[in-house]
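Each remark here refers to the structure printed beneath this line.
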There are 2 protein chains.
Amino acid sequence: MADGRGTATAGGENLLFLTDEQLRQGIEAMFFAYRGFTADPDRILSDMAYGRAHHRAIHFINRAPGTTVNNLLNILGVTKQSLNRVLRTLIEDGLVESRVGKSDKRERHLHLTEDGRALEGRLSDAQRARMRAAFRDAGPEAVAGFRTVLEAMMDTEMHRTYQRLKESGA
Amino acid sequence: MADGRGTATAGGENLLFLTDEQLRQGIEAMFFAYRGFTADPDRILSDMAYGRAHHRAIHFINRAPGTTVNNLLNILGVTKQSLNRVLRTLIEDGLVESRVGKSDKRERHLHLTEDGRALEGRLSDAQRARMRAAFRDAGPEAVAGFRTVLEAMMDTEMHRTYQRLKESGA
DNA sequence: CTTGGAATGTCAACAAGGCTGACTTAAACT
DNA sequence: AGTTTAAGTCAGCCTTGTTGACATTCCAAG
C-alpha cells in the first residue's frame, strides 16, 4: 500500500505512473478483459456438454498436434485426473484421437479429428474476432505494449514449457 | 517473438499485423498471463477455505463500500446463489458486514470489517507486486498500450455498470 | 387502503471441473 | 531383474457455477 512512492528521482520520473490506483485499475482491467475474452467461446460451448476446460485442451492440441498427455498437463497446469476426464469425453465424442507412440509406446500422441478441427475453428473464430476488433481499435503500438506487459506478467515456467514444445516440433 | 510484422508500409497495409498467427499468440498470451496474474492470491487463499470467488467479492466490496448485493451481482456477472454462498461464508467469518438498507429495507449494503480489510490488503499486495513488476519491466508506453487493448476487449456492459457504481459514490 | 406485481435477497439441490491419494498396466531404462 | 516413467483409473473431496422455489419489502393501480 501507500504507493505515492518516491520513484520520481533522478530522471526516474517515468516510474511515477506506478501508483496504487494505477495498479488497481490494471488489475480490474485484467479481470474485465478476461471475461470478455472468454465470453464468446463459453457461449458456444455451453450449448454442447463442454466447458472451458475442453476449449483449452482443444486449443493446445491444435497448436501442437501430436503432443503427449504429459506435455499437455504441463502446459495447462492441471492434474492428470482433471485433464483425463476432459480428454476422455473428447475422445469418446470423436473430436480427439489418441495414437500410441512409435518410438515410445507408453506415450499417447494427441490429434484433432476432422470434427475436432471443426469445433476448434468455431471457437477460434469467435475468439479471434474479438481479439481482432480489440487490436484494430487499439492500433499497432498499443498491441505491442499489450504483448510486452502480458509477457512480463506470465507464469514463465509454464510458458517456457510450451515454447520448448512448439519449437521441438512436437 | 516474431514481431517483424509489416506495419511499416503505406496505405491500407497497416492492418497486416492482424494475421491469424498474431491473433492466436495474443490469445495464448492472455491465457498464460491470466494464470500468472491470479497465481499469488490463489496461493494465499488456498491456505484458508477460500477461493478466487471470495477474492473477487472482497476486492469489489473494498472498491465500492456500501454496494448492494445486486450491484455486486452485475459487476461479477454470476448468479445470486453463487455470490450468496461466498458472501455468507465471508459474513460468518467476520470479514464482511451486511447492513440493511435505510431507505429500502430489501437491500443489504456490504462493507469490509477490519479483518476483511486486512485480508484484502494481503491479497492486493501480492497481486500489485506482480503487476508492478510487469509494468516496470515493460515501461510506461507499453503499459498505456496494455490498458488500451484491454479496454477494447472488455465486456462493456459489465464494466460500465461498475463505472456508474463507483461514480455514484454508493 | 388494499392488493398484486416487481425487486431484493436467501436457501436447496445439482453439475462441472479443479484437487489429492492409491493403484494398475505397459514400456523403458539400468 | 528391478526401478522408473507414461498413462489411465477409481474414489472422494472442494469450490463455484447453475436453476428453481421462497420470504420479505416496496410501490403503484384500483
Side-chain angles (χ1 to χ4, degrees), chain A residues 31 34-35 38-39 41-43 45-58 61 66-93 96-110 158 161 165 170, chain B residues 34-35 38-39 41-59 61 66-93 96-110 158 165 170:
Chain A
F31 169 72
Y34 197 76
R35 286 213 148 243
T38 55
D42 281 357
R43 217 165 359 242
L45 289 158
S46 72
D47 291 344
M48 325 168 134
Y50 297 143
R52 215 175 280 178
H54 299 84
H55 184 190
R56 291 196 283 263
I58 288 174
I61 293 172
T67 193
T68 63
V69 173
N70 222 351
N71 279 334
L72 211 48
L73 241 37
N74 290 328
I75 293 171
L76 297 176
V78 297
T79 56
K80 246 197 305 190
Q81 293 75 357
S82 245
L83 176 58
N84 213 262
R85 199 178 356 196
V86 163
L87 228 40
R88 202 185 325 160
T89 69
L90 290 174
I91 291 171
E92 276 169 12
D93 295 352
V96 168
E97 200 187 342
S98 167
R99 301 181 196 154
V100 174
K102 276 176 189 156
S103 57
D104 188 334
K105 287 175 190 156
R106 290 172 306 180
E107 294 179 340
R108 299 296 131 89
H109 297 274
L110 303 169
M158 198 161 43
T161 300
L165 218 149
Chain B
Y34 198 76
R35 286 212 147 242
T38 56
D42 281 357
R43 221 169 349 249
I44 294 172
L45 290 158
S46 72
D47 291 345
M48 324 167 134
Y50 297 144
R52 215 175 278 177
H54 298 84
H55 184 190
R56 291 196 283 262
I58 288 174
H59 174 95
I61 293 172
T67 193
T68 63
V69 174
N70 219 355
N71 279 335
L72 214 45
L73 240 36
N74 291 327
I75 293 171
L76 297 175
V78 296
T79 55
K80 267 196 281 194
Q81 174 52 7
S82 234
L83 176 58
N84 208 257
R85 192 181 322 105
V86 163
L87 231 39
R88 201 188 322 158
T89 69
L90 290 175
I91 291 170
E92 277 169 10
D93 296 352
V96 167
E97 200 188 343
S98 166
R99 301 180 196 155
V100 174
K102 277 176 188 157
S103 57
D104 188 335
K105 287 176 191 155
R106 291 172 303 181
E107 294 179 341
R108 299 296 130 89
H109 297 274
L110 303 169
M158 197 161 43
L165 220 148

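In what follows, chains are A, B, ... by sequence order, proteins preceding strands, each numbered from 1. All of these numbers come straight from a predicted model, not from anything done at the bench.
Shown here are the side-chain contact (heavy atoms from CB on, under 4.5 Å) partners of A/Ala39, two or more places apart in sequence or in another chain: A/Arg43, A/Arg130. Every residue two or more places apart in sequence or in another chain was checked for a salt bridge (Lys or Arg N to Asp or Glu O under 4.0 Å) with B/Asp93, and none qualifies. In this view, A/Asn70 satisfies the side chain to side chain donor-acceptor pair (under 3.5 Å) rule with no residue, not counting sequence neighbours. Remark: B/His55 pairs with no residue by the side chain to side chain donor-acceptor pair (under 3.5 Å) rule, at least two apart or across chains. Under the rule for a salt bridge (Lys or Arg N to Asp or Glu O under 4.0 Å), the partners of A/Asp42 that lie at least two apart in sequence or sit in another chain are A/Arg52. Applying the side chain to side chain donor-acceptor pair (under 3.5 Å) test to A/Tyr34 and every residue at least two apart in sequence or in another chain returns nothing. Checked against side chain to side chain donor-acceptor pair (under 3.5 Å), A/Asn74 has no partners two or more places apart in sequence or in another chain.
Legend: side-chain hydrogen bond (donor to acceptor under 3.5 Å, both in side chains) pairs involving residues 81-90 of chain A, not counting sequence neighbours, sorted by first then second residue: A/His54-A/Thr89.
Distance CD1 (A/Ile91) to P (D/dA7): 12 Å, rounded to an integer number of Å. Nucleotide D/dC14 holds its C1' atom 17 Å from the CE atom of B/Met48, rounded to whole Å. Taking atom NE2 of B/His109 as the reference point, atom C1' of C/dT8 lies 11 Å away to the nearest angstrom. The distance between atom CG of A/Leu90 and atom C1' of D/dG8, rounded to the nearest whole Å, is 16 Å. The CG atom of B/Asp42 sits 18 Å away from the P atom of D/dC14 (whole-angstrom rounding). In this entry the distance linking CZ of A/Arg52 with P of D/dG17 reads 9 Å, nearest Å. Between A/Arg35 atom CZ and D/dT16 atom P the separation is 13 Å, expressed in whole Å.
When the side-chain nitrogen and oxygen atoms of B/His54 are compared with OP1 and OP2 of D/dT16, one or more of them lie within a distance under 4.0 Å. Between C/dG18 and A/Arg56, a contact under 4.0 Å exists linking OP1 or OP2 to a side-chain N or O.
Of the residues in residues 68-76 of chain A, those with a non-hydrogen atom less than 4.0 angstrom from any atom of DNA chain D are A/Thr68, A/Val69, A/Asn70. Listed by residue number, A/Lys80, A/Gln81, A/Asn84, A/Arg88 are the residues of residues 77-88 of chain A with a heavy-atom contact under 4.0 Å to DNA chain D.
In this structure, A/Leu76 and B/Arg35 approach most closely via the heavy-atom pair O-NH2, 2.9 Å. A/Leu73 approaches A/Thr79 most closely through the heavy-atom pair CD1-O, 3.9 Å. Closest non-hydrogen pair, B/Val86 versus B/Ala53, comes out as CG2-CB, 3.7 Å. When all heavy atoms are compared, the tightest approach of A/Arg108 to A/Ser98 is CB-OG, 3.4 Å.
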In dot-bracket form, 5' to 3', how is DNA chain C paired? Count Watson-Crick and G-U wobble pairs only if both distances fall under 3.5 Å, and write | where the partner sits on another strand.
||||||||||||||||||||||||||||||
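The backbone N or O of A/Gly66 lies less than 3.5 Å from no partner atom in the side chain of A/Arg99, so there is not a single donor-acceptor pair.
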Its contact letters, B for base, S for sugar-phosphate only and - for none at protein heavy atoms under 4.0 Å, make nucleotides 24-30 of chain C read --BBS--
Verdict with reasoning, B/Asp104 to B/Thr68, per side chain to side chain contact (heavy atoms under 4.5 Å, CB included):
CA-CA 11 Å; B/Asp104 188 335; B/Thr68 63; over 6 Å; no
